[in-house]
Amino acid sequence: MIGFIFGSFFSVVAVRIPRGLSISWPRSHCPFCKRTLRMTHLIPVFSYVFQKGRCSHCKQPISIMYPCTELITGALFASAFLIFGVSTQLLFSIVVISLCIIVVLTDLLYLRIPNKIVVFFGLIFLVYRLFIEPLSPWYDPLLTAFLCFLFLFAVLALSGGGIGGGDVKLFMILALALGSSMFILVFFLSTLFGTMTGIVRKGKTKHYPLAPSISVAVLLTLFAYDWVWEGMDRALSFIVSYSLY
């Protein structure tokens, strides 16, 4: 239920922040008839079902994005609790999940990852890694973030737009949050998923959102780090043995 509520809020953040709007004012309203929504219209998931996916005033369809975001956020929050229990790792996971949900929405809606979001989460990760749960050595996430920025900035400059500036900043704060060992896996999976997405979308558009691929890689690493490494190791061993055969 907490995930449902946060998911509803994340939708507001993703829609308003890239447009330079306040997340607190004006109150939530229908984008068609502009009528302010009552509390009964704002119950996550259930309001969408009860209203049959339409505004109760003008009967225009409500975007399926809202209940989907609420359901996914709720499922991810519940998964984090089941895996990590009541711990600092649970709080860290919730922050990472929140970042992933928001940037996926902003990238899908506007092909942007706003600086306000990057800075906000970057400060949280910096405090977490320096004072709450430092890695060993303590400078590992800082060095990883710095090297990540240098590498991806060079890629951005040389490729002439092969990767977006927002994606570079997103990778940088993820490096700060995860440290070198987890970030290497995230970067590899992001590249793999992004390449697959690019192949599927080839010829449809020049630019496509990379945040979904990055976020899936982050969540897989966060929830199943050992399992993913083991699976990759087995897959690589199979490929090598098959090639030799």
Side-chain angles (χ1 to χ4, degrees), residues 2-3 6 10 73 75-104 113 115-156 163-195 210-237 240:
I2 292 173
F6 271 86
F10 295 157
T73 307
L76 290 174
F77 275 30
S79 299
F81 176 75
L82 291 174
I83 293 172
F84 302 113
V86 179
S87 62
T88 56
Q89 183 64 25
L90 173 63
L91 295 177
F92 173 74
S93 301
I94 286 176
V95 175
V96 173
I97 291 167
S98 302
L99 169 65
C100 290
I101 295 292
I102 293 172
V103 297
V104 165
I113 300 176
N115 289 332
K116 287 184 179 180
I117 294 172
V118 172
V119 171
F120 176 79
F121 282 97
L123 291 174
I124 293 177
F125 293 142
L126 180 63
V127 171
Y128 181 82
R129 281 307 179 199
L130 289 181
F131 303 107
I132 299 176
E133 192 173 344
L135 296 177
S136 181
W138 66 268
Y139 56 81
D140 176 88
L142 297 174
L143 180 60
T144 304
F146 177 70
L147 294 176
C148 170
F149 173 76
L150 289 181
F151 173 72
L152 291 179
F153 183 79
V155 172
L156 176 63
I163 185 173
D167 299 322
V168 173
K169 289 176 281 190
L170 177 59
F171 271 126
M172 188 174 68
I173 64 170
L174 288 172
L176 182 63
L178 302 174
S180 57
S181 60
M182 293 185 74
F183 179 74
I184 290 172
L185 181 57
V186 166
F187 188 79
F188 171 78
L189 292 176
S190 300
T191 305
L192 176 63
F193 298 153
T195 301
L210 187 58
S213 299
I214 298 173
S215 296
V216 171
V218 170
L219 295 174
L220 279 175
T221 302
L222 186 67
F223 289 148
Y225 176 76
D226 293 333
W227 181 85
V228 173
W229 269 121
E230 182 180 350
M232 290 175 56
D233 182 60
R234 289 182 178 180
L236 183 61
S237 299
V240 170

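- To the nearest 0.5 Å, atoms OG1 (T144) and CE (M172) are separated by 12.5 Å.
- You'll find the side chain of V218 reaches within 4.5 Å of the side chain of L174, heavy atoms only.
- You'll find the side chain of L210 stays beyond 4.5 Å of the side chain of L170, heavy atoms only.
- Exactly one residue among V103, I101, I97 makes a side-chain contact (heavy atoms from CB on, under 4.5 Å) with L99. That residue is V103.
- Of the inter-residue distances, the one linking L90 atom CG with I83 atom CD1 reads 10.0 Å to the nearest 0.5 angstrom.
- Rounding to the nearest 0.5 Å gives a distance of 9.5 Å between CG of L135 and CE of M182.
- Atom CH2 of W229 is separated from atom CZ of F188 by 8.0 Å, given to the nearest 0.5 angstrom.
- For the residue pair T73 and G3, the shortest heavy atom distance occurs at CG2-O, 3.3 Å.
- Looking at heavy atoms from C-beta onward, V186 lies in side-chain contact with L178 at the 4.5 angstrom threshold.
- F187 has its side chain out of reach of C148: every pair of non-hydrogen atoms, C-beta onward, lies at least 4.5 Å apart.
- Of the inter-residue distances, the one linking I163 atom CD1 with F153 atom CZ reads 12.5 Å to the nearest 0.5 angstrom.
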Residues F183, F171; criterion side chain to side chain contact (heavy atoms under 4.5 Å, CB included); working and verdict: CA-CA 9 Å; F183 179 74; F171 271 126; 3.8 Å; yes
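- Looking at L220 and Y225, their side chains never come closer than 4.5 Å, going by heavy atoms from C-beta outward.
- Here the CG atom belonging to L76 is positioned 8.5 Å from the SG atom belonging to C100, to the nearest 0.5 angstrom.
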Steps toward side chain to side chain contact (heavy atoms under 4.5 Å, CB included) verdict (L126, L142): CA-CA 8 Å; L126 180 63; L142 297 174; 3.7 Å; yes
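- Within a 6.0 Å sphere centred on OH of Y128, heavy atoms belonging to other residues, nucleotides or ligands number more than 12.
- Inter-residue side-chain proximity for F92 and F84 is flagged as unmet; no heavy-atom pair is nearer than 4.5 Å.
- Around the CG atom of L143, the shell of radius 6.0 Å holds more than 12 heavy atoms that belong to other residues, nucleotides or ligands.
- Note on residues 182-194: no pairs pass side chain to side chain donor-acceptor pair (under 3.5 Å), not counting sequence neighbours.
- Side-chain contact between F193 and L189 is present, with at least one heavy-atom pair separated by less than 4.5 Å.
- For R129 (side chain) and A177 (main-chain N/O), a donor-acceptor pair under 3.5 Å exists by modelled atom type.
- Counting all heavy atoms, side chain and backbone alike, V104 lies closest to S215 at CG2-OG, 3.2 Å.
- When side chains are defined from C-beta on, I113 does not count as touching K169, because their heavy atoms never get closer than 4.5 Å.
- Paired with L152 under the rule side-chain contact (heavy atoms from CB on, under 4.5 Å), one option of D167, V168, L147 passes, and it is V168.
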